[in-house]
Novice: 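So that we are looking at the same thing, I have put the structure below in structure tokens.
Within every chain, numbering begins at 1; the chains are lettered A, B, ... in the order of the sequence lines, protein sequences first and strands thereafter.
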Number of protein chains: 2
Amino acid sequence: MGTVAKALSLLDHFSRARPEIGLSDLARLAGLNKATTYRLLSELQHGGFVEQTGTGREYRLGPAVLRLAALREAAVPLRDMAARALQSLSDATHETAHLSLLQGDRLSMLSYAYSPRHGTRVTMEDAQILAFHATSSGLAVLAFSPPEMIDRILSAPLDKRTEDTLTDPVAIRAVLDGVRHTGLAESVGGFEKDVHSHAVPLFDAQTRVIGAMAVAAPVARMTPELKTLIRRELWQHATGLTRALGGFCPEGFVAKGAAA
Amino acid sequence: MGTVAKALSLLDHFSRARPEIGLSDLARLAGLNKATTYRLLSELQHGGFVEQTGTGREYRLGPAVLRLAALREAAVPLRDMAARALQSLSDATHETAHLSLLQGDRLSMLSYAYSPRHGTRVTMEDAQILAFHATSSGLAVLAFSPPEMIDRILSAPLDKRTEDTLTDPVAIRAVLDGVRHTGLAESVGGFEKDVHSHAVPLFDAQTRVIGAMAVAAPVARMTPELKTLIRRELWQHATGLTRALGGFCPEGFVAKGAAA
DNA sequence: AACCAATGGTTCAAATAATGAACCGACTAG
DNA sequence: CTAGTCGGTTCATTATTTGAACCATTGGTT
């Protein structure tokens, strides 16, 4: 692993649950020497990517990321387009819609939209990291990822989030085959106990998978009718967003939607 | 310069005007070898900090920065606080208020607020980089920066933005002395010909300068009364924001405001 | 069609920068 | 007073980064 990758990996340990981390902790989390971690943090700090908290000890993400995010959004209004598509999808299904993006070997939430229809709804947290094996979005993305990436992901330890989470690589590969056939991934209680979710992958101009759009509903509310509605609407919105972003679905993908 | 700093410096060459840059161009801009640039970009790309455009050639900022920005926002609601303070300042003065942050040796716009009162107003662009010597914000920040940073900035070539831009390091140092005495920087036509702006620095918990808050008005509208109003309100809002962010003004700084 | 000058990407010996064990001084808890 | 943290620093060893030269392509010019 290159030095730059190590430095960037430090940034991945910050989360909503853990927004500030001390030097020693961070070194432990990242599996790096304390001195190395310190030097990397110093460079990140000079660039404004991290800063030290008011009381002078712990580190947290710095203001530079705000600036870059503003520029990114100006160059590619993806967040904006995603928000619009999600709102429409959520309105059509009356359930929670969300979208995640692939970044390296990680899948992270970009945005989500709730429906006002129901009092109970599946709630999401943005910038959250999604497990590939435990979420419909993860399965949708993984199914269309290169074989070596699938091997990498499935050879790492797979967390058993709930009692229904699939953790057997062989079983997961079988599921992925199914996803490749239908173009749609489904997960019942794999991430949160009472959530039934569907996901459809998104593609770039080279037909590589870049993320997934998903609808999450409480298990209790799922009926055959709702399922049909979700599948149709999700398919429409996901392929529509892929096209709107200048991407193309792989050969034969469109036919799958018609079959569903 | 460390490898990480070089990689991060690549990201600084993306701007609103130049959101996509080719490998060779970027190598030239950054003053690095093409092979080096390629390797660094590859690492950044794997982390999702840059990506290649649909047609497969040029590089642009990637989605990872969005994720980090979301986390930063959640951890430090600075942008919100800044927006609120700017709106209030703009309402009080009926002129454009804006705020910029120091990131390494660069000063960049974070946010701004316009007043609806006047038809003509000074317009701003966010994520813009501000020159230290040509803007009131830059002078305010520089005046309270460490001597070695002042030396670094003033020894680099100083762009003559307008005919009124100060470019003589000796003259600028004299201006900085004045700013240190009053705690307030002023620039008439230094950045844009017809703009009269005032700025007050912002500080962190270690009383180090982190940026500046400023009010920009058309030269034609500036009167002694408006000037007094701007100085008073700007001072109030800037010191208030510094406090709200957990920062502290340096010794004696508070007294300066009373004098102004 | 031949040519030229770019482009993005790759290679490998040489040079440089990253590394990590040990060490500070400061602090906290027992 | 001791033991165990913490953030930060040092420096000889080591592994990584570096850059000139090299492809294969592409697009424009003659």
Novice: Under 4.0 Å, heavy atom to any atom of DNA chain D: which of residues 17-29 of chain A qualify?
Specialist: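 The answer is A:G22, A:L23, A:S24, A:R28.
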
Novice: Given D:dT17, D:dG7, C:dG9, which nucleotide is nearest the side-chain atoms of A:T3?
Specialist: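 Looking only at side-chain atoms, A:T3 lies closest to D:dT17.
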
Novice: Show every salt bridge (Lys or Arg N to Asp or Glu O under 4.0 Å) that has at least one partner inside residues 129-142 of chain A, sequence neighbours left out.
Specialist: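 For residues 129-142 of chain A: none.
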
Novice: List the residues meeting salt bridge (Lys or Arg N to Asp or Glu O under 4.0 Å) with B:E125, not counting sequence neighbours, and say none if there are none.
Specialist: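 Salt bridge (Lys or Arg N to Asp or Glu O under 4.0 Å) list for B:E125, sorted by chain: empty.
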
Novice: Mind listing the N/O atom pairs, protein and nucleotides 25-30 of chain C, below 3.5 Å?
Specialist:
none

Novice: Would you say B:T162 and B:T165 are linked by a side-chain donor-acceptor pair, where the criterion is simply a distance under 3.5 Å?
Specialist: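 Yes, because at least one side-chain N or O of B:T165 sits under 3.5 Å from a partner of the opposite role on B:T162.
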
Novice: Which residues pass the salt bridge (Lys or Arg N to Asp or Glu O under 4.0 Å) test with A:D159, not counting sequence neighbours?
Specialist: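 With sequence neighbours excluded, A:D159 shows a salt bridge (Lys or Arg N to Asp or Glu O under 4.0 Å) to no residue whatsoever.
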
Novice: Please work out which residues in residues 30-44 of chain A have a non-hydrogen atom less than 4.0 Å from an atom of DNA chain D and list them by number.
Specialist: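 The stretch gives A:K34, A:A35, A:Y38 as the residues lying under 4.0 Å from the strand, ordered by number.
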
Novice: Could you work out, with salt bridge (Lys or Arg N to Asp or Glu O under 4.0 Å) as the rule, every residue matching B:R84, not counting sequence neighbours?
Specialist: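 In terms of salt bridge (Lys or Arg N to Asp or Glu O under 4.0 Å), with neighbours along the sequence ignored, B:R84 is linked to no residue.
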
Novice: Which residues pass the ring pair (Phe, Tyr, Trp, His ring centres under 6.0 Å) test with A:F248, sequence neighbours left out?
Specialist: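 Ring pair (Phe, Tyr, Trp, His ring centres under 6.0 Å) check on A:F248 returns nothing, list empty.
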
Novice: With a 3.5 Å cut-off and sequence neighbours excluded, list the donor-acceptor pairs that the side chains of residues 62-78 of chain B form with protein atoms.
Specialist:
from	atom 1	to	atom 2	distance (Å)
B:R67	NH1	A:A127	O	2.6
B:R72	NH1	A:E51	OE2	2.7
B:R72	NH1	A:L61	O	2.7

Novice: OP1, OP2 of D:dG8 versus side-chain N and O of A:Y59: anything below 4.0 Å?
Specialist: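 For D:dG8, OP1 or OP2 has a side-chain N or O of A:Y59 closer than 4.0 Å.
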
Novice: Side-chain atoms of residues 40-49 of chain A: list all donor-acceptor pairs with protein atoms under 3.5 Å, sequence neighbours left out, distances to 0.1 Å.
Specialist:
from	atom 1	to	atom 2	distance (Å)
A:S42	OG	A:Y38	O	2.9
A:E43	OE1	B:A5	N	2.9
A:Q45	NE2	A:Q52	OE1	3.2

Novice: I need the NZ-P distance between A:K6 and D:dT16, as an integer number of Å.
Specialist: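 Rounded to the whole Å, the gap is 7 Å.
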
Novice: Hey, is the side chain of A:Q52 poking within less than 4.0 Å of OP1 or OP2 on D:dC6, counting only N and O atoms?
Specialist: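 Answer no for this pair, as no side-chain N or O of A:Q52 is under 4.0 Å from OP1 or OP2.
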
Novice: Could you tell me which non-hydrogen atom of B:S137 sits nearest to which non-hydrogen atom of B:L130, and how far apart they are?
Specialist: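 Distance-wise, the nearest heavy atoms are CB-CD1, 4.1 Å.
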
Novice: Angle between the two end axes of the helix from C:dA1-D:dT30 to C:dG30-D:dC1, five base pairs per end, rounded to 10 degrees?
Specialist: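 The two end axes of the helix from C:dA1-D:dT30 to C:dG30-D:dC1 meet at 40°.
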
Novice: For B:F132, what residues pass the ring pair (Phe, Tyr, Trp, His ring centres under 6.0 Å) criterion, not counting sequence neighbours?
Specialist: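 Counting only residues at least two positions away or on another chain, B:F132 forms no ring pair (Phe, Tyr, Trp, His ring centres under 6.0 Å).
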
Novice: Could you tell me how far apart B:R57 (CZ) and C:dA6 (P) are, to the nearest whole angstrom?
Specialist: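 After rounding, the gap between these two atoms is 17 Å.
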
Novice: I'd like to know if B:R161 pairs up with B:E192 as an ion pair, taking the criterion as any Lys NZ or Arg NE/NH1/NH2 lying under 4.0 Å from an Asp or Glu carboxylate oxygen.
Specialist: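 Salt bridge: yes.
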
Novice: Salt bridge or not between A:R79 and A:D126? Use side-chain N to carboxylate O under 4.0 Å.
Specialist: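 Salt bridge: yes.
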
Novice: Aromatic rings B:F203 and B:F253: how do their planes relate, parallel, tilted or perpendicular, breaks at 30° and 60°?
Specialist: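 Ring orientation of B:F203 relative to B:F253: perpendicular.
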
